[in-house]
Visitor: 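What follows is a single structure, and I will ask about it in a moment.
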Amino acid sequence: MRFGPNYHEERCPQGHSSAATIATIQAALAADPDIDSSAVEIRMLGPVVLLEGYITKAADREKAISLAAMIVGSENVQDRMLSRFPPQ
């Protein structure tokens, strides 16, 4: 699978279906062993990917945003994730 900044627009000028885009991002998040994406939900609002839910590490936010941006472009990713850090 090839990812790149404009891969989404290059491959499909009308845009992929929301389901296909969501599935691709979910697969990318699930394939990364360094990120806990179990509480992250992905939704689409037009061409914009909404990352919602909870993260347990600050690094997970950046990684999730980065993976989604590789698929749809950084201008099409909206971060709505909330931090829920475990007590220490």
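Residues take their numbers from the sequence shown, with the count starting at 1.
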Visitor: Using salt bridge (charged side-chain N to carboxylate O under 4.0 Å, His left out) as the criterion, list what pairs up with D36, not counting sequence neighbours.
Guide: none
Visitor: Output all residues satisfying side chain to side chain contact (heavy atoms under 4.5 Å, CB included) with A68, sequence neighbours left out; order by chain, then residue number.
Guide: I25, L51, V77
Visitor: Side-chain heavy atoms under 4.5 angstrom apart, residues restricted to Ile, Leu, Val, Met, Phe, Trp, Tyr: same cluster for I65 and L67?
Guide: yes
Visitor: Does S17 use its side chain to pair, donor to acceptor, with the backbone of A20 at less than 3.5 Å?
Guide: yes
Visitor: Does some side-chain heavy atom of T24 sit less than 4.5 Å from a side-chain heavy atom of I71?
Guide: yes
Visitor: Suppose we screen for salt bridge (charged side-chain N to carboxylate O under 4.0 Å, His left out). Which residues come up paired with E52, at least two apart in sequence or across chains?
Guide: R43, R80
Visitor: Looking at every non-hydrogen atom in both residues, tell me the closest pair between A31 and P33 and how far apart they are.
Guide: O-CD, 3.2 Å
Visitor: Side chains of V40 and M81: does their closest heavy-atom pair fall under 4.5 Å?
Guide: yes
Visitor: Which heavy-atom pair separates A30 from S37 by the least distance, and what is that distance?
Guide: N-OG, 4.2 Å
Visitor: Enter the distance from L82:CG to I55:CD1 here, rounded to the nearest 0.5 Å.
Guide: 8.5 Å
Visitor: Report the residues that fulfil side chain to side chain contact (heavy atoms under 4.5 Å, CB included) with I22, sequence neighbours left out, ordered by chain and then residue number.
Guide: Q26, I42, M44
Visitor: Would you list the pairs meeting salt bridge (charged side-chain N to carboxylate O under 4.0 Å, His left out) in which at least one residue belongs to residues 58-68, sequence neighbours left out?
Guide: D32-K63, K57-D60, R61-D79
